[in-house]
Amino acid sequence: MFRTVIVATGLALAVVLSACQVSTTTTATADVSDGPRVIAATDIEAGRYVVLVGGCNDCHTPRWAATGGAEPPEAEWLKGSTEGHTGPWGTSYGKNLRLTTAGMSEDQWVALLTTGSSLPPMPWPSVRAMSEADKRAVYRYIRSLPGEAGQPAPEALAPGVAPTTTPAA
């Protein structure tokens, strides 16, 4: 009986002590039901980050690739480009994403990025794999950019058709 009392007292002490433990771990409270996503102070900051690391400016911003990202200033980002990308598909141009987002709702943008397809070099498999939260953040970022929306990029050219546009100076 004495042994039973000692065991019961030990178990009760263990339960009490475990209830008093203070957690020192910190966990993110973001909703991850949509899978991994960028966490930033604002959706606009998250969208800017995705645009930068996703290489969106490489094709959708004039002079970006040629200057290693030194030009143009952010107020000119994502206005489309006359710098063509030529391959077996013909020549394609980075669309003006400011005009694209201006003509659609956020839900339409998410649907486009979820199901879209077009000519290379657009990395559609990577874009479709983005979380919905990141797609929305990119939309909000593009919509927040200052300045005029710019002009549409040239239409794609069929294989064998020579481009007549000149890259932006």
Side-chain angles (χ1 to χ4, degrees), residues 26-159 163 165-169:
T26 303
T27 58
T29 58
D31 177 14
V32 293
S33 60
D34 186 32
R37 67 182 184 107
V38 172
I39 305 290
T42 67
D43 285 346
I44 290 171
E45 287 179 30
R48 183 178 192 277
Y49 177 79
V50 171
V51 164
L52 282 171
V53 301
C56 303
N57 284 311
D58 293 357
C59 298
H60 295 279
T61 300
R63 299 184 318 275
W64 184 270
T67 65
E71 288 185 41
E74 190 169 5
E76 298 298 311
W77 290 8
L78 307 176
K79 288 186 174 183
S81 181
T82 58
E83 299 164 8
H85 305 278
T86 302
W89 62 87
T91 301
S92 56
Y93 298 90
K95 293 196 180 300
N96 181 329
L97 298 181
R98 291 181 184 215
L99 291 176
T100 301
T101 59
M104 61 179 44
S105 71
E106 187 172 309
D107 288 339
Q108 290 170 320
W109 171 259
V110 170
L112 172 67
L113 297 189
T114 301
T115 62
S117 65
S118 63
L119 296 173
M122 185 64 188
W124 282 108
S126 298
V127 171
R128 286 191 293 267
M130 286 173 39
S131 69
E132 181 176 327
D134 287 346
K135 292 171 186 173
R136 291 183 183 282
V138 168
Y139 177 88
R140 292 172 188 165
Y141 170 69
I142 295 169
R143 296 292 303 218
S144 78
L145 287 167
E148 297 295 320
Q151 300 299 313
E155 291 295 320
L157 302 173
T165 59
T166 55

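No hydrogens, no waters, no symmetry mates; every other heavy atom, side chains included, goes into these values. We number each residue from 1, following the sequence as shown.
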Got a second to check how far [X]'s [atom1] is from [Y]'s [atom2], nearest 0.5 Å?
X	Y	atom1	atom2	answer
Asp107	Leu112	CG	CG	12.5 Å
Ser126	Leu113	OG	CG	12.0 Å
Cys56	Met122	SG	CE	7.0 Å
Tyr139	Leu97	OH	CG	12.5 Å

I'd like to know if the side chain of [X] and the backbone of [Y] have a donor-acceptor N/O pair within less than 3.5 Å.
X	Y	result
Trp109	Met104	no
Asn57	Val51	no
Glu83	Arg63	yes
Ser92	Pro120	yes
Arg98	Ile142	no
Arg143	Thr101	yes
Arg136	Val110	no

Give the intermediate values and the outcome of side chain to side chain contact (heavy atoms under 4.5 Å, CB included) for residues Lys79 and Asn96.
CA-CA 4 Å; Lys79 288 186 174 183; Asn96 181 329; 4.2 Å; yes

If you define the side chain from C-beta out and look only at heavy atoms, does anything of Cys59 sit under 4.5 Å from Pro121?
yes

Do Pro62 and Thr82 have side chains that get closer than 4.5 Å, going by heavy atoms?
no

Distance-minimising heavy-atom pair for [X] and [Y]:
X	Y	answer
Gly116	Arg128	O-NH1, 2.6 Å
Gly84	Thr91	CA-CG2, 3.8 Å
Ala153	Ser81	CB-O, 3.8 Å
Pro163	Tyr93	CB-OH, 3.5 Å
Lys135	Val127	CE-O, 3.4 Å
Leu78	Tyr141	CD1-CE2, 4.3 Å

Do other residues, nucleotides or ligands put more than 12 heavy atoms under 6.0 Å from the CD atom of Gln151?
no

Where at least one partner belongs to residues 38-87, residue pairs that pass ring pair (Phe, Tyr, Trp, His ring centres under 6.0 Å), sequence neighbours excluded
Trp64-Trp77

Mind checking what makes side chain to side chain donor-acceptor pair (under 3.5 Å) contact with Arg48, not counting sequence neighbours?
Glu74

List in chain and number order the residues that pass side chain to side chain donor-acceptor pair (under 3.5 Å) with Ser144, two or more places apart in sequence or in another chain; answer none if no residue qualifies.
none

